[in-house]
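Both counts, for ligands and for their atoms, begin at 1 and track the order of listing. What you see below is based on every heavy atom in this structure, not just the backbone, and it leaves out hydrogens, waters and symmetry mates. One-based numbering along the sequence shown.
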Amino acid sequence: MNAHTHSGHVLALCGGIGGAKLVLGLYRMLDPQQLTVVVNTGDDFEHLGLKISPDLDTVLYTLGGVADPERGWGRAQETWESMAALRQLGSEAWFQLGDRDLAMHVMRTEWLRAGKSLTEFAAHAGGRLRISAQILPMTDAGVRTIIETAEGDLPFQHYFVRRRCEPAVTAIRFDGAKEAQPAPGVTELIGSQNLRAIVICPSNPYLSVDPILAVPGIRQALATSTAPVVAVSPIIGGQAVKGPTVKIMAELGIAATTQTIAAHYRGLIDGLVIDESDANDRAQIDVPVLATRTMMKDIADRERLARDVAAFADTLTRPPEAERARGGHR
Ligand code: FO1
């Protein structure tokens with residue numbers, strides 16, 4: 001089925017770099033006004049007095065066409081003079097804030113201190129970057145991903161950047177999630193009749209997608225949505241494309257396979273997209289599977305995967321909630 005003949009909104013749930021790649025494909029393949037991206041904010045933190053929202057910025061910069069193509073985070077053509085000056089003054093410098101990127105943090109901090117919400121700031125920044133898709137944080141409340149390690153609890157960026165993911169992970173928790181509410185519009189959109197598909201991007205399920213699902217109301221809205229929910233596995237041939245997914249899975253005693261990803265999203269998804277090299281795993285996955293090339297090296301890869309994911313979603317119908325929860329697709 002030609003994806004373009006299908007109207008209706010697509011909602012993507014996404015973390016940072018890996019997820020943003022597919023989001024860019026969706027953005028270029030769909031009518032951009034028909035795309036909403038709900039972004040993980042569990043990685044957010046306050047640093048040098050500034051409010052930093054790395055995943056939100058990665059999505060904003062990527063869709064705005066100003067992301068650094070090599071790093072995946074931060075802005076292209078970046079310079080680092082303020083970092084050097086901060087270092088000279090004896091400031092901590094383990095978290096790199098580029099000169100251009102700083103503008104985003106300064107302004108977000110100003111807006112939040114003035115009583116505006118993260119949702120309002122994301123809409124403003126998206127508009128200024130001429131992005132016609134809607135970009136929403138998962139929540140306006142402070143949800144913080146805490147990595148429990150053999151060396152104690154570490155806030156996400158301290159674990160990820162400062163400690164380079166070295167300490168062994170024993171558990172992951174999302175402080176503040178229980179008290180949080182979804183950002184305005186998130187659950188309404190998930191429940192909308194006009195929704196074509198919900199796509200869980202190939203972000204780390206434990207670090208980047210679970211915080212979104214931990215916000216009360218989001219998981220339930222997904223379970224009762226009439227739109228098909230499709231996840232894209234971040235595991236290719238037992239490896240994660242980027243980042244510490246496999247290391248963390250091993251430390252948590254979980255096998256890095258597409259079956260594990262399917263099991264993780266059990267009761268939530270109506271279909272799973274896996275890499276063609278993992279096609280043999282299909283037999284052990286109890287939802288419909290699309291095996292295709294999921295590695296996204298260039299823009300053509302992102303667009304093709306986006307088209308494949310949307311066309312796959314169009315072939316799926318949603319079973320009633322109770323049946324889905326039992327894995328009743330077969
Ligand atoms: N990642 C790094 O590995 N080192 C950094 O110094 C760093 C700085 C940084 C600044 C702004 C920003 O938006 C992202 C930044 N990231 C950096 C990436 C970020 O830590 C992670 O990619 C995400 O949080 C994981 O999704």
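At under 3.5 Å, not a single nitrogen or oxygen of Asp101, backbone or side chain, sits near a nitrogen or oxygen of ligand 1. Distances between N or O atoms of Gln157 and those of ligand 1 include at least one value under 3.5 Å. Looking at ligand 1, you'll find an N or O of Gln96 within less than 3.5 Å of one of its N or O atoms.
Closest to atom 26 (O) of ligand 1 among all protein heavy atoms lies Asp55 OD1, 2.7 Å. For atom 13 (O) of ligand 1, the nearest protein heavy atom (residue, atom name, distance) is Pro54 CA, 3.4 Å. Closest to atom 25 (C) of ligand 1 among all protein heavy atoms lies Asp43 OD2, 3.3 Å. Nearest protein heavy-atom contact of atom 21 (C) of ligand 1 is Phe160 CE2, 3.6 Å. At the shortest separation from atom 18 (C) of ligand 1 among protein heavy atoms lies Trp73 CG, 3.4 Å.
Side chains of Ser277 and Asp275: a donor on one and an acceptor on the other come within 3.5 Å. For Asp278 and Thr258, the side-chain atoms include no donor-acceptor pair closer than 3.5 Å.
The pair Asp301-Lys21 does not meet the salt-bridge criterion, since no charged nitrogen lies less than 4.0 angstrom from a carboxylate oxygen. A salt bridge does not link Lys51 to Asp44: none of the charged nitrogens lies less than 4.0 Å from a carboxylate oxygen.
Of all the heavy atoms in Pro228 and Asp270, the pair that sits closest is CA-OD2, 3.4 Å. Contact detail for Gln157 and Pro54: the closest heavy-atom pair is NE2-CG, 3.3 Å.
Both the sub-6.0 Å distance and the 45° axial angle are satisfied by Arg71 relative to the ring of Trp73.
Both the backbone and the side chain of Phe95 come within 4.0 Å of ligand 1, judged by heavy-atom distances.
Among His264, Arg173, Arg219, the single residue meeting the side chain to side chain donor-acceptor pair (under 3.5 Å) criterion with Asp210 is His264.
Using a 4.0 angstrom heavy-atom cutoff, Tyr61 does not count as in contact with ligand 1.
With Val161, Leu97, Thr58 as candidates, the residue nearest to atom 4 (N) of ligand 1 on a non-hydrogen basis is Val161.
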